[in-house]
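Take a look at the structure set out below.
Residue numbering restarts at 1 for every chain, and letters A, B, ... go by the order of the sequence lines.
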Amino acid sequence: MPILNSDVAKIFEEIADLLEINDENPFRIRAYRSAARTIRNFKFQFHTLIGQGQFPKLPGIGQDLEEKVREIIATGRCLLLEALRRNFPPHFNDLLAIPGLGPKRVQRLNHALGISSIKQLREAAIAGKVRDIPGFGPKTEQSILSAIAVQAVHSGGFIRQTVMPQATALASYLSESTHIDRIAIAGSCRRLKDVVGDIDLLATGSDSGELMERFLSYGDVKVVLMRGPIRGSVILGSGIQVDLRFVPPESYGAALHYFTGSKPHNIALRQIALAQKMKLNEYGLFKDGKRIAGDTEISVYQALGLPFIPPELREDRGEIAAARAGALPNLIAYNDLRGDLHVHTHYPDGKNTIIEMASTAALLGLEYIAITDHPEQRVGVNGFRRNDLIRQFSDIEAARKLHPEITILKGIETKILEDGSLDVPDSLLRELDIVVAAVDGNFDLSRASQTQRLLRALCNPHVNILAHPSSRLLPDRPPCEVDMLAVMRSAKERGIALELNSQPDRLDLDDLHCKMAHEEKVLIAIDSSARNSAELGYLRLGIDQARRGWIESCDVINTQRIEKIRSWLAQPKLPQSSPSHLVGHCGSQAERP
DNA sequence: GCCGTTTTCGGCCCGACTGTTTTCAGTCG
């Protein structure tokens with residue numbers, strides 16, 4: 001089993017945790033954390049590059065960390081980590097994940113009570129033993145118990161789509177405060193992350209007192225975590241934390257930037273300011289003690305010599321270098337989409353007909369949709385019947401007559417079986433305008449087997465789109481282990497699009513894989529896989545995700561007019577045996593009854 | 001541990017808030 005970048009990153013993160021508990025140089029700790037992030041975001045696998053005699057030059061990875069990466073890739077072990085682990089009980093660093101517990105308190109808990117796990121901490125807190133440790137008290141003990149309870153329920157984070165109604169309702173409520181000029185949703189919600197940990201709100205105006213009172217007395221507040229004159233923090237009934245911060249109007253832009261994050265992006269920008277003998281904080285950009293920018297975000301970037309960087313790109317994934325080089329992507333916009341190539345009908349929970357789906361899509365401004373139901377939707381448990389497909393064809397013909405303003409393509413969503421073959425015979429697939437293939441079941445195959453499975457499916461000459469490629473389900477089902485770079489390169493060679501599925505619990509491809517697709521110039525299809533007409537609106541979430549992944553309009557097949565779509569679908573596929581790296585994947589597809 | 005418009009050593013982002021103190025350490029974002 002090769003050691004993956006994610007394995008190396010995990011080791012570096014654990015080293016950082018243990019160094020932190022050891023009270024080591026904070027900058028050394030930051031170096032490990034920064035390297036872990038860089039390695040996790042890096043698109044090529046180190047084990048492959050090192051196997052080819054290469055080692056990439058990456059920021060924050062110098063001689064020492066390069067040697068450690070090589071050691072981990074070669075041996076699967078890291079001597080430094082093993083030495084650190086000998087000083088602590090197993091999983092000791094898990095305690096750092098409890099809000100309110102940092103390295104000092106974790107050490108004290110261990111020295112005073114021998115606590116080395118969250119379970120032990122909970123038991124000690126319930127028994128009232130934690131409050132007697134110097135530096136702790138009854139309030140800290142209670143907040144530890146609350147934090148453990150919240151963490152147990154929401155450790156996976158919250159799907160942004162479910163959080164935004166709460167955020168906008170609270171922002172709207174706060175905006176009624178008489179001394180408030182502006183209120184904004186910042187943080188990871190503004191960066192359009194698929195899963196968020198909390199809600200960050202920023203307000204500006206003439207007086208913060210009434211705002212804070214209003215905030216803390218909001219009907220849905222369950223717990224008040226913190227209440228200062230300009231900053232407050234609460235937990236809502238849903239379990240999500242909300243942080244509110246007030247700044248004076250002239251600092252609005254700098255504060256919006258600061259509270260939008262991400263933290264690594266902010267740190268990088270502050271370093272740029274320092275290099276120019278300036279200081280950047282949430283109140284503004286200062287030179288010689290004088291504010292020179294900060295009323296708007298644009299003013300901050302401009303004063304630092306950079307163009308405006310959209311919030312969804314602010315992850316310290318190369319956006320600052322791209323901004324400096326004038327090479328920021330021209331991000332796709334919602335109105336760029338012309339169609340949806342993965343739409344369902346007649347679902348038990350949706351019950352919308354082809355006509356209803358088509359009319360809603362037309363109202364949304366779409367020029368085409370593809371009806372791509374699962375075979376079993378039409379036939380139940382008795383296997384695929386050709387007559388059902390014929391019946392749907394005639395339904396589509398009827399809908400076409402009723403809604404000539406929108407093109408309706410005949411399609412199917414076929415399952416990719418464990419061996420990479422499809423659950424619908426080629427003889428039927430060839431009668432369709434478009435074929436969407438998707439993994440369904442057997443999510444826990446080995447990385448090699450899962451990759452082979454997808455590569456073989458891509459060899460089917462009728463497949464046009466690989467749907468929700470990682471099969472993750474937010475927030476809890478992890479993505480399948482798969483070599484996505486190999487899948488993308490194969491898809492590109494064969495003219496197949498990878499789907500960015502817009503369902504809020506999928507958003508699959510994720511942002512990093514979107515960026516990879518953009519860099520690899522692989523076609524993307526942003527689809528809703530709507531199960532009823534309302535879900536066609538999820539396309540907006542797909543666009544959000546695409547923007548986080550640097551996707552431009554030209555990367556996306558369904559920004560094209562229907563004529564282009566038809567010619568893309570009609571393109572002959574490469575002969576099955578021609579791409580050298582696919583030999584062995586592309587056997588003849590057996591016909592199934 | 002990294003890195004260079006402070007360049008091979010010395011600096012590395014920075015302010016708010018809490019709880020437990022008795023002036024501030026620890027933590028968070």
Scan A:R108 against the nucleic acid and name what it touches under 4.0 Å (heavy atoms): base, sugar-phosphate only, or nothing.
sugar-phosphate
note: A:H257, atom NE2; B:dG29, atom P; distance rounded to Å ~ 19 Å
Side-chain donor/acceptor contact of A:N25 with base of B:dG1 under 3.5 Å
yes
Distance check needed: B:dC14 P versus A:R245 CZ, whole Å only.
15 Å
Looking for any heavy atom pair under 4.0 Å, which part of the strands does A:Q276 touch: base, sugar-phosphate only, or nothing?
nothing
Closer than 4.0 angstrom, basic N to acidic O: yes or no for A:E312 and A:K193?
no
Hey, does A:I98 reach any base, or is it just sugar-phosphate, or nothing, if we go heavy atoms under 4.0 Å?
sugar-phosphate
Looking only at the side chains, is there a donor atom on one of A:S233 and A:Q241 sitting less than 3.5 Å from an acceptor on the other?
yes
Out of B:dT27, B:dC14, B:dA16, which has the shortest distance to the side chain of A:L274?
B:dC14
Suppose you measure atom P in B:dC2 against the same atom in B:dC13; what distance do you get, rounded to whole Å?
15 Å
Are the side chain of A:N501 and the backbone of A:I526 linked by a donor-acceptor contact shorter than 3.5 Å?
no
Does the base of B:dG29 carry an N or O that pairs as donor and acceptor with the side chain of A:Y258 under 3.5 Å?
yes
Paired nucleotide for B:dC14 [Watson-Crick or G-U wobble; both distances under 3.5 Å]:
B:dG29
For residues 256-263 of chain A, which side-chain N or O atoms pair as donor and acceptor with protein atoms under 3.5 Å away, sequence neighbours left out?
from   : atom 1 : to     : atom 2 : distance (Å)
A:H257 : NE2    : A:Y301 : OH     : 3.0
A:T260 : OG1    : A:R190 : NH1    : 2.8
A:T260 : OG1    : A:L256 : O      : 2.6
A:S262 : OG     : A:H265 : N      : 3.4
A:S262 : OG     : A:R314 : O      : 3.0

What nucleic acid atoms does A:P26 come within less than 4.0 Å of, heavy atoms only: base, sugar-phosphate, or nothing?
nothing
Atom CG of A:L101 and atom P of B:dA25 are separated, to the nearest Å, by 19 Å
In whole angstrom, what separates A:R105's CZ from B:dT18's C1'?
8 Å
Have a look at A:P264 and say if it touches a base, only the backbone sugar-phosphate, or nothing, with a 4.0 Å heavy-atom cut-off.
nothing
Which nucleotide, B:dC12, B:dT27, B:dT20, lies nearest any side-chain atom of A:R30?
B:dC12
